[in-house]
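A short write-up of the structure that comes next.
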Amino acid sequence: MSDISVKYGDRAGSVPLGATVLDAIKEFDRDASKSALAAKVNGEEFDLDRELPSLDGAVEIEAIVPETRDGLEVLRHSTAHLLAAAVLDLYPGTKLGIGPALLDDPRYGFFYDVITPEPLSVDDLPKIEKRMQQMAKRNLKYRREDVAKAKILEIFKDRSEPLKCELIDEKVEGSATVYYIDDSPFIDFCLGPHVPHTGKLKAFKLLALSGAYWKGDAEREQMQRIYGTAFFSKEELDAWLKQREEAAKRDHRKLGQELDLFSIQDDYGQGLILWHPKGGIVRMEMENFLKEKLQEHDYSFVYTPHIAKRDLWKVSGHEDNYADSMFAPTTIEDTEFRLKPMNCPFHIGIYKSSKRSYRDLPQRYSEMGTVYRAELSGTLHGLMRVRGFTVDDAHLFVRPDQVLAEVGDCLDFAVDVFETYGFEKVNFELSVRGEAENKKFLGADEDWEQAEAALAKALNERGIPFERIEGEAAFYGPKIDIKVEDAIGRTWQLGTIQIDFNLPERFGLEYVGEDNHPHRPFMIHRALFGSVERFFGVLLEHFAGAFPFWLAPVQVAVLPITDRINEYAESVAEALKKAGFRVEANTRSDKVGAKIRDAQMQKVPFMLIVGDQELEQGNIAVRERSKGDLGSMSVEDFIEGAARLKASRSLSNDLA
RNA sequence: GCCCGAGUAGCUCAGGGGUAGAGCGCUUCCUUGGUAAGGAAGAGGGCAUGGGUUCAAAUCCCAUCUCGGGCUCCA
């Protein structure tokens, strides 16, 4: 037999022995053979110019084509190699690290880690990109070769690439593949597959230069990471770049400045937030809303200090396991104290303050608890990663038989709250103990089983789809993490519901059961926002600074057309203030156009324009920030509509 | 913490070995104009900090501080 039988989709046929993957695709699908980047042969990824293996039975072939996830991966991975080739070309002696495609990262599409003889600077990126473009135009072939391990090691030793040798040593048994790019000093140890030649790479861009440790280990070599992205067409790339600009416009740090919401000042400390009046009022509204909900769900409110004796942190285990993230102790009259990185031990103190009966449970303590963590300076980022922040914390002390109902209530609570904030997509992840052997989990097996079952059941009862992740539980118990998707499709991990077997044990928590014997309660940690600061940042980006009416720092701007109307404008503002709204009357001697522009830039939901006509008729002309002129109405009607928006915490500014 | 980059007026930024610049904002004056910028004048800065080099440093060099992009998602 000199033919190989081939299956392509639902069709079958045969090709002569020695035919390449591409030859085979041509037999079945001319279009795909032109656009294909690589292929899957019996499920394994293959380069197009590889010979088809002759195996028993039919060989199944599937073309990897553009506009698919697999295609994108091949494209970006190949582009990463083109990048490495260009760097090697421009900077001989460069050592290579790894260069994967990134498919799920919204910021970048691939990277390559390198160590160049002289450190690269951002000015080098355009040069490298230009070289990549030159190479792309020349349709240089990617060549694959299967080589024995000893030989590969030799190749990379000769090129003095110790990092590659390390990788090869770890990953290879027997033989492996290396790739070359024609007419380039590039050789890489790589699984493939790649596009057949560089001409397939038509739309790429280098985006950033940063540092990266070899294997992410701060003890190892510091490398330079070049980030870029690639798409199938120039149009897609341009669209993506534009969307990236849009995202940059929403940056909460920029908006925080422009809208005068908060600041972070060196004189006060990195990672420490100063909330300005306008940010403060938004935060207050957020907290008020939460407090209402907490009361509805029968939580109690507690307040605890920011600092506690060091010994307490020894009992809680934080001294042993979390000390790196805690501020150093401070001493007064020979006693050491430390700032709190978490609120839990304090809530435990409240639980322990008296003997609890099974009738007293559950106890639900909530607190906007401000905590301090000694984050490394390089990881700080606006409101998203800070050193002092406030957790919308709650700890529930429950009997084992109450876990299901309590977790269920937490879920309802979360869904309700996130819906109000306009997050339409909320994703849940259940992290369980699983099979992970390298992790030590505390607590009795039966407790784990019961708790994991209760978490899953609570989700199922509500018909909430969730992802179950084995081995990702905390060492002290299983958990449900809550992630939301924002207006431009980015996901943010926010809330969490965690069962804790550890702290009740450490602090010897008890309640007296129906049987008059002591029992150990379960503890549930529960936060919806995680950090109020961070959630505020997420909201700011989600709304692009245009807060819904109930949250807006300034809800209404009254804009008189001439100075003659100032007095009337003030009286309208006064009436609105009395009705409970946040109003500013702009009585400067600007033209209305300028006043409107001002209010638009500050993203004020409603502008009330008043001139001679309004004064005469005793009404107002309403302009909504995105809908524009709504015509005139009476102050009373406006107040009525606005009051409805406020009371319902509406996301729209629909007055009717 | 580490790598690259950046710190100039309240904000956004230009400049660059030889007298400190613009726009916005702010103050005052003129203007009273119907839905995204009317006009003029003025105030405001040891150019992040500390050292050097130089006749001369905001500018060049070193250090420090802060900010920004990042720090194993199959080779």
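Treat the numbers as computed from the prediction; the structure is a model and nothing was measured.
- The side chain of Ser121(A) has C4(B) as its nearest neighbour among C4(B), A75(B), G33(B).
- Judged as a salt bridge (charged side-chain N to carboxylate O under 4.0 Å, His left out), the pairs with a partner in residues 96-121 of chain A (not counting sequence neighbours) are, in order, Arg69(A)-Asp104(A), Asp105(A)-Arg107(A), Asp113(A)-Arg225(A).
- The pair Lys157(A)-Glu154(A) does not count as a salt bridge, with every side-chain nitrogen at least 4.0 angstrom from each carboxylate oxygen.
- Minimum atom distance to the side chain of Arg623(A) is reached by U35(B), of the listed U35(B), A37(B), C71(B).
- Between Glu541(A) and the choices Lys254(A), His252(A), Arg253(A), Arg250(A), the side chain to side chain donor-acceptor pair (under 3.5 Å) rule is met once, by His252(A).
- Note on Lys425(A) versus Asp486(A): no salt bridge recorded, every NZ/NE/NH1/NH2 to OD/OE distance being 4.0 Å or above.
- Remark: the Asp217(A) side chain and the C71(B) base include no donor-acceptor N/O pair separated by less than 3.5 Å.
- Candidate nucleotides U31(B), G34(B), A75(B) were compared by shortest atom distance to the side chain of Ile609(A), and G34(B) ranks first.
- The stretch residues 318-328 of chain A has no heavy atom under 4.0 Å from RNA chain B, so no residue of it qualifies as close.
- Distance noted for atom P between A63(B) and G21(B): 32 Å (whole Å).
- Proximity note for Arg564(A) (side chain, C-beta onward) versus G70(B), C4(B), U32(B): the nearest is U32(B).
- Side-chain atoms of Thr177(A) and Asp146(A) form no donor-acceptor pair, as typed in the model, at a separation below 3.5 Å.
- Looking at Asp598(A) and Lys595(A), no side-chain N of the basic residue comes within less than 4.0 Å of a carboxylate O on the acidic one, giving no salt bridge.
- Distances were taken from every side-chain heavy atom of Tyr108(A) (C-beta onward) to each of G70(B), G5(B), A37(B); the shortest belongs to G70(B).
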